[in-house]
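Below is one structure; the comments refer to it alone.
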Amino acid sequence: KTLGLLTSDLALHAPSQIASAVKSRATQSGVNVIISMPEVQDTRGCTAALQDLLAQRVDGLLVNVPLDDEQAEALSALAGPVPVLFLDVSETAAVNSLIFDADQGARLGAAHLLEQGHQRIALLGGPQSSVSARARMSGWLAALAESGLSPCGCEYGDWSAASGYEKGHLLLAADTPPQAILVANDQMALGVIRVCAERGLTVPGQISVVGYDDTADSAWYSPPLTTIRQAFKIAGERSVEWLLARLAGDDIGIGQTRLPVTLVERASTS
Ligand code: IPT
């Protein structure tokens with residue numbers, strides 16, 4: 001059997017760790033994986049990539065590209081009888097999905113900073129085109145609002161460390177800099193930590209930084225990063241297992257599986 005994986009840019013750490021887990025789990029079951037990575041992740045790019053995988057006669061499809069509900073539903077319909085599982089959609093999309101709980105993750109990060117007594121908290125979100133980035137941002141805003149707070153600064157990056165560096169400078173340029181920053185992924189947090197060092201702000205002494213993902217390198221940052229762990233290996237394995245069960249004839253219809261996330265407390269917050 002052959003599975004198709006339609007994925008976000010594999011130069012990013014999170015999608016590459018998911019792809020790695022998918023590939024290992026599939027190999028264990030003697031299943032082949034064909035990877036397709038659209039240059040532009042718009043409706044046209046994803047449709048073309050999906051058609052290309054279908055033309056290669058894949059038996060099942062995993063889609064780890066951020067998609068709005070209508071886009072995901074359209075791709076699911078396009079696949080016809082070939083089962084498709086989406087990994088980066090909202091739970092309101094009427095498709096099969098296996099997704100991490102973004103609201104829980106955002107709230108865990110915010111609650112951690114609030115418990116430490118921080119009140120001036122800045123937000124560095126992911127790209128507004130990404131459904132998961134938007135969900136993290138609204139979780140943060142809701143958690144702060146419930147404590148009667150609003151963010152003391154808000155920027156959006158593109159998930160890269162370079163954008164974390166660029167937007168981090170904007171957030172820290174304020175007259176009264178934030179006491180803490182919630183960052184939508186670990187790669188951007190890497191850039192933020194660099195900005196802090198360049199401005200002579202100690203982490204966590206003068207500013208706390210929380211990331212999101214817990215990719216394999218995050219424990220090796222300086223200081224080791226406090227972050228929200230998304231268990232990418234489990235997500236990759238479970239998604240292959242779901243497809244294999246479907247292909248074996250198990251009737252697993254439209255279903256949304258939500259995976260919990262956890263706070264990993266390291267040394268970048270205090
Ligand atoms: C999401 C990551 O959290 C983020 O760092 C970035 O790599 C993004 O993917 C790329 O699309 S994880 C996704 C399964 C929501």
Side-chain angles (χ1 to χ4, degrees), residues 5-22 35-42 45-46 49 62-69 71-72 84-93 95-106 108-109 123-140 156-165 167 182-192 209-218 221 225-240 242 256-264:
L5 170 63
L6 184 57
T7 180
S8 297
D9 189 358
L10 288 174
L12 289 170
H13 298 173
S16 74
Q17 290 185 17
I18 291 174
S20 166
V22 164
I35 294 180
S36 173
M37 193 177 96
E39 274 315 314
V40 186
Q41 293 169 14
D42 56 3
C46 290
L62 296 174
V63 180
N64 182 25
V65 174
L67 296 168
D68 292 334
D69 293 5
Q71 292 177 305
V84 192
L85 183 65
F86 292 85
L87 304 180
D88 197 353
V89 292
S90 148
E91 60 203 347
T92 56
V95 295
N96 299 299
S97 63
L98 183 121
I99 48 182
F100 290 105
D101 191 335
D103 185 62
Q104 182 205 12
L108 280 172
L123 307 178
L124 176 46
Q128 283 170 286
S129 56
S130 154
V131 55
S132 299
R134 293 196 303 268
R136 291 172 202 177
M137 178 58 73
S138 42
W140 287 336
Y156 298 87
D158 67 2
W159 300 127
S160 70
S163 75
Y165 180 77
K167 306 296 177 177
L182 286 163
V183 188
N185 79 338
D186 291 357
Q187 288 186 268
M188 293 195 294
L190 180 61
V192 167
V209 178
V210 179
Y212 203 110
D213 277 345
D214 196 26
T215 42
D217 297 339
S218 307
Y221 285 16
L225 190 66
T226 294
T227 187
I228 304 301
R229 176 171 172 75
Q230 304 198 94
F232 295 123
K233 186 156 182 285
I234 292 175
E237 290 171 355
R238 291 264 303 264
S239 39
V240 171
W242 185 91
Q256 279 89 18
T257 303
R258 238 201 293 182
L259 297 176
V261 296
T262 49
L263 172 76
V264 179

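Remember, it's 1-based here, ligands and their atoms both numbered in the order they're listed.
Among all non-hydrogen protein atoms, the one lying nearest atom 3 (O) of ligand 1 is Asp213 OD1, 2.5 Å. Scanning all protein heavy atoms for the shortest distance to atom 13 (C) of ligand 1 gives Asp88 OD2, 3.8 Å. Protein heavy atom at the shortest distance from atom 1 (C) of ligand 1 is Arg136 NH2, 3.9 Å. Of the protein's non-hydrogen atoms, the one nearest atom 15 (C) of ligand 1 is Ser132 OG, 3.2 Å. The protein heavy-atom contact nearest to atom 7 (O) of ligand 1 is Pro15 CD, 3.3 Å. Here the protein heavy atom with the shortest distance to atom 11 (O) of ligand 1 is Ser8 OG, 3.3 Å.
Judged purely by atom type and a 3.5 angstrom limit, Glu237 has no side-chain atom pairing as donor or acceptor with the backbone of Phe232. One N or O on the side chain of Ser138 and one on the backbone of Arg134 form a donor-acceptor pair closer than 3.5 Å.
When the heavy-atom distances from atom 12 (S) of ligand 1 to Gln17, Gln187, Gln230, His13 are ranked, the shortest goes to Gln230.
Look at Tyr212 and you'll find every heavy atom at least 4.0 Å from all atoms of ligand 1.
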query = Could you walk me through whether Ser132 and Ser130 pass the side chain to side chain donor-acceptor pair (under 3.5 Å) check?
reply = CA-CA 5 Å; Ser132 299; Ser130 154; 4.7 Å; no
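Neither the backbone nor the side chain of Gln41 comes within 4.0 Å of ligand 1, counting heavy atoms alone. When non-hydrogen atoms are compared, ligand 1 lies under 4.0 Å from the side chain of Asn64 (C-beta onward) but not from its backbone.
Listed here is the closest heavy atom pair of Ala135 and Ala102: CB-CB, 3.6 Å.
Atom CG of Leu85 is separated from atom CG of Asn64 by 10.0 Å, given to the nearest 0.5 angstrom. Note that CD1 of Ile18 is 10.0 Å distant from CG of Leu10, once rounded to the nearest 0.5 Å. Atom CG of Asp213 sits about 9.0 Å away from atom CE of Met188, to the nearest 0.5 Å.
Using a 3.5 Å distance cut-off with no hydrogens or angles, the side chains of Ser160 and Asp158 do pair a donor with an acceptor.
Residue Ala14 approaches ligand 1 through these ligand atoms, each under 4.0 Å from one of its heavy atoms: 2 (C), 7 (O).
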